[in-house]
Number of protein chains: 2
Amino acid sequence: MNGQLENTLKAKQINPTAMRLLVLNFLQTQSYAISLTDLEKGLAPADRVTLYRTLKTFEENGLVHSIDDGTGVTKYAICKEHCHPGEHDDVHVHFFCKKCGGTFCLPKTQIPEVILPVNFHSDEINIVAKGLCGQCSG
Amino acid sequence: MNGQLENTLKAKQINPTAMRLLVLNFLQTQSYAISLTDLEKGLAPADRVTLYRTLKTFEENGLVHSIDDGTGVTKYAICKEHCHPGEHDDVHVHFFCKKCGGTFCLPKTQIPEVILPVNFHSDEINIVAKGLCGQCSG
DNA sequence: TTAAACTTTGCAATGGCATTGCATTGTAAC
DNA sequence: GTTACAATGCAATGCCATTGCAAAGTTTAA
């Protein structure tokens, strides 16, 4: 059982340990990006550092990506698109709900070209929209 | 002397104390956004908390704005445009140099419309481009 | 001028998060 | 089964943001 989770990990060259399967499963059931602390609570009494390293491993292998939503706390979400180890999709568009605190990955929209000063070169852009999510603006 | 600095503060309803004049002066001489730690080093041996509160006061009164450049450390820069107390310019476009670590406020360019899911409402958007600045890409 | 009231500053302390070191346990190869 | 490597758990550190409180400074009013 759980062959699917296992295969997902193997496909990314990640050793499918019990802990990792738990983490992956938990991540897959989330509707939005979660923090390390969220994960810790959801998987108590798992060790925080182990979870931290698990997320790191997932990220390095292109299974999840980390999000800086401006709260100062890193959030993680499963990569929906084709991320490659070490080099994720360069463009991230996320939405932070000021009421519920949820962080959502937005579907890839057209990415704006930002005009840079002379000699400035950008290879990455982080975009976070803030406001009220569907649930909270009802 | 220093009537200019003083007037700048007064114009924002900020009591022009010695400390605040120092901080304002320091901020004005920076070519890019600085962190609390930067400020602390530049104005040693001033107390960190006092500087922190000074920045807060400046921010609340629309004199500086804080920037989340994705490093996890808040940066501050003087508002060049017309920020109002409590409600800053909603759109921030900044550039983070991966080499020198400098954070720059970019001139206001056209801001992209991000397409949001149904019922999502955004009133703020944070955009950070990352790469190499003019100095570092030479 | 002095006392009271308010503002600003400085010091101490806390809390949260990211990160690392190291010892222990689990797993796989020989 | 023993050796070698990977993963886990615990302890500890460091950095940053933030708050409480007391001391010092400033303004206002008798």
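To find a chain, count down the sequence lines: A is the first, B the second, and so on, and within it residues start at 1. Only heavy atoms go into these numbers, but all of them, side chains included; no hydrogens, no water, no symmetry mates.
- Summarising the geometry, the separation between CD1 on B/I14 and C1' on C/dT7 is reported as 14 Å, rounded to the nearest angstrom.
- Taking a 4.0 Å limit (strictly below) on heavy-atom distances, residues 35-42 of chain B does not reach DNA chain C anywhere.
- In the model, B/T71 has a side-chain atom that pairs as donor or acceptor with a side-chain atom of B/D69 under 3.5 Å.
- If you take CG of A/D47 and P of C/dC17, they are 15 Å apart, rounded to a whole angstrom.
- The phosphate of C/dT8 (OP1 or OP2) has a side-chain N or O of B/R20 nearer than 4.0 angstrom.
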For this session: Would you check, one step at a time, whether the test salt bridge (charged side-chain N to carboxylate O under 4.0 Å, His left out) holds for B/E6 with B/K10?
Result: CA-CA 6 Å; B/E6 216 169 307; B/K10 283 180 181 168; 3.5 Å; yes
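- With no hydrogens or angles considered, no side-chain donor-acceptor pair links A/S35 and A/K75 at under 3.5 Å.
- Using modelled atom types, one side-chain atom of B/D68 and one backbone atom of B/G70 make a donor-acceptor pair closer than 3.5 Å.
- Looking at heavy atoms from C-beta onward, B/K98 lies in side-chain contact with A/E124 at the 4.5 angstrom threshold.
- A/T17 comes within contact range of the sugar-phosphate backbone alone, with a heavy-atom separation under 4.0 Å but no base atom that close.
- Side-chain atoms of B/K12 come within 3.5 Å of backbone atoms of B/G62 as a donor-acceptor pair (strictly under, hydrogens ignored).
- The ring-ring contact (aromatic ring centres under 6.0 Å, His included) pairs that include a residue from residues 115-138 of chain B are A/F95-B/F120, A/F104-B/F120, where partners are two or more places apart or lie in different chains.
- Under the 4.5 Å side-chain criterion, counting only non-hydrogen atoms from C-beta, B/L24 is in contact with B/L63.
- Applying the 4.0 Å criterion to OP1 and OP2 of C/dT19, one finds that A/K56 has a side-chain N or O inside that range.
- Between B/A18 and A/V73, it is B/A18 whose nearest contact on DNA chain C lies nearer the 5' terminus.
- Between B/G72 and A/M19, it is A/M19 whose nearest contact on DNA chain D lies nearer the 5' terminus.
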Each nucleotide of nucleotides 21-30 of chain C classed B (base within 4.0 Å of a protein heavy atom), S (only sugar-phosphate) or -, in 5' to 3' order, makes B---------
For a quick test of your reading: what N or O donor-acceptor pairs under 3.5 Å do the side chains of residues 130-138 of chain B make, sequence neighbours left out?
{"residue": "B/S137", "atom": "OG", "partner": "A/N119", "partner atom": "O", "Å": "2.5"}
{"residue": "B/S137", "atom": "OG", "partner": "B/C133", "partner atom": "O", "Å": "3.1"}

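- Looking at A/R20, its side chain never comes within 3.5 Å of a backbone N or O of A/T54 through a donor-acceptor pair.
- Residues satisfying the salt bridge (charged side-chain N to carboxylate O under 4.0 Å, His left out) criterion with B/R53, sequence neighbours excluded, are absent altogether.
- First and last contacts of DNA chain D with chain A, using any nucleotide atom under 4.0 Å from a protein heavy atom and ordered 5' to 3', fall at D/dA6 to D/dA11.
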